[in-house]
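Atoms considered below: every heavy atom in the structure, side chains included; atoms not considered: hydrogens, waters and symmetry mates. The model shown is predicted, which means the values in this text are computed figures rather than measured ones.
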Amino acid sequence: MTQDERPGAEPRAERADPGATAPTHPTGTAGTVPAASASASAAGRPGAAVRVTSAAAARAYAQSVVREEWNSSSRRAREEDVIDLLLVVSEMVTNAIRHGEGIAGFEAVSTAEGIRLAVLDNSDVVPEVAFGSGALPLGHLGSGYGWPLIIRLAREIVIDRRPGGGKTISVLVPLRDAADLPPKDVRAG
């Protein structure tokens, strides 16, 4: 059992720059933040990225970006949109680990529309299904559901090959303000 599989285990992060200091959230708070955003980096140095080593670590980081950067005194993300975000993060990171020869980096950046994710992996192979319709696989095959879910829940899907090898898959996961929810239908019995 690895550290990430133990109940209550802290998400692990592996530094891309072995000489760098402990990971920090882009807002400057120190802790076990498992990835760096594109707008800021560990210890405040651009380019000193932290690599996530599990989907759990990537989810924890993406959730912290929503909580600390997207949410504000005037808006708060809808719970169902955050659940969609975490599902997309899980699928993208798991795909990089299983099919992309390992994860090379992870970014989650707050935008006015939601959270922009970027997952870097070590494979040059572009998944054909990434350009599909989002249709779920026919019959229960036990796999093949990840990309259809990503296509259905995310926007602006871009796949770029990196000059040194591997690729970056980036998506925008839209978030809506919880204040925009319609009032609950309360009916007198």
Side-chain angles (χ1 to χ4, degrees), residues 1-18 20 22-26 31-38 41-42 47-66 82-110 114-132 134-137 140-173:
M1 182 178 292
T2 67
Q3 177 185 7
D4 293 322
E5 295 170 343
R6 289 193 311 265
E10 287 292 320
R12 293 185 307 154
E14 179 180 319
R15 304 231 18 103
D17 176 6
T24 355
H25 186 275
T32 57
V33 177
S37 78
S41 66
V50 177
R51 294 188 323 165
V52 296
T53 59
S54 70
R59 284 191 307 270
Y61 183 73
Q63 199 162 26
S64 77
V65 170
V66 171
V82 175
I83 291 168
D84 289 350
L85 170 69
L86 299 178
L87 180 57
V88 170
V89 167
S90 291
E91 292 298 336
M92 290 178 67
V93 170
T94 300
N95 283 347
I97 292 168
R98 292 184 68 195
H99 309 293
E101 299 177 20
I103 188 164
F106 176 79
E107 298 174 355
V109 179
S110 177
I115 302 297
R116 182 163 306 282
L117 302 171
V119 175
L120 293 71
D121 69 28
N122 297 303
S123 171
D124 293 328
V125 177
V126 175
E128 288 181 30
V129 67
F131 303 105
L136 296 173
H140 180 67
L141 304 173
S143 65
Y145 293 91
W147 269 107
L149 289 171
I150 293 168
I151 291 167
R152 289 172 179 218
L153 299 175
R155 308 287 176 265
E156 301 175 24
I157 299 170
V158 176
I159 302 174
D160 290 315
R161 286 197 170 99
R162 295 196 332 268
K167 65 185 169 295
T168 300
I169 300 176
S170 61
V171 303
L172 173 68
V173 180

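A pairwise comparison of heavy atoms in L117 and A108 identifies CD2-CB, 3.9 Å as the closest pair. Residues A118 and T168 approach most closely at CB-CG2, 4.0 Å, considering heavy atoms. In plain terms, the two heavy atoms of P148 and G134 that are nearest each other are CB-O, 3.4 Å.
I97 is linked by a side-chain contact (heavy atoms from CB on, under 4.5 Å) to V93, I103, counting only residues two or more places apart in sequence or in another chain. Residues forming a side-chain contact (heavy atoms from CB on, under 4.5 Å) with I83 (at least two apart in sequence, or on another chain): E79.
Here the straight-line distance linking atom CE of M92 with atom CD1 of I169 works out to 6.0 Å at 0.5 Å rounding. With rounding to the nearest 0.5 angstrom, the CZ atom of R116 is 5.0 Å from the CG atom of L172. A distance of 9.0 Å separates OG1 in T94 from NE2 in H99, rounded to the nearest 0.5 Å. The distance from atom CD1 of I150 to atom OH of Y145, rounded to the nearest 0.5 Å, is 15.0 Å.
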Give every donor-acceptor pair under 3.5 Å between a side-chain atom in residues 158-167 and any protein atom, sequence neighbours left out.
{"residue": "R161", "atom": "NE", "partner": "D124", "partner atom": "O", "Å": "2.9"}
{"residue": "R161", "atom": "NH2", "partner": "D124", "partner atom": "O", "Å": "3.1"}
{"residue": "R162", "atom": "NH1", "partner": "D121", "partner atom": "O", "Å": "2.6"}
{"residue": "R162", "atom": "NH1", "partner": "K167", "partner atom": "O", "Å": "3.1"}
{"residue": "R162", "atom": "NH2", "partner": "G165", "partner atom": "O", "Å": "3.3"}
{"residue": "K167", "atom": "NZ", "partner": "D121", "partner atom": "OD1", "Å": "3.2"}
{"residue": "K167", "atom": "NZ", "partner": "D121", "partner atom": "OD2", "Å": "2.9"}
{"residue": "K167", "atom": "NZ", "partner": "S123", "partner atom": "O", "Å": "3.2"}
{"residue": "K167", "atom": "NZ", "partner": "V125", "partner atom": "O", "Å": "2.7"}

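Contact annotation: the side chain of F106 approaches that of V89 to within less than 4.5 Å [non-hydrogen atoms, C-beta and beyond]. When side chains are defined from C-beta on, V66 counts as touching L85, because their heavy atoms get closer than 4.5 Å. In this structure, the side chains of Q63 and V82 come closer than 4.5 Å at one or more pairs of heavy atoms. Inter-residue side-chain proximity for I115 and V65 is flagged as met; some heavy-atom pair is nearer than 4.5 Å.
Using modelled atom types and a 3.5 Å distance limit, the side chains of R59 and S90 yield a donor-acceptor pair.
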Applying side chain to side chain contact (heavy atoms under 4.5 Å, CB included), run through I151 and F131 and close with a yes or a no. CA-CA 8 Å; I151 291 167; F131 303 105; over 6 Å; no
Go through the steps to decide whether V88 and V171 satisfy the test side chain to side chain contact (heavy atoms under 4.5 Å, CB included), and finish with yes or no. CA-CA 9 Å; V88 170; V171 303; 4.1 Å; yes
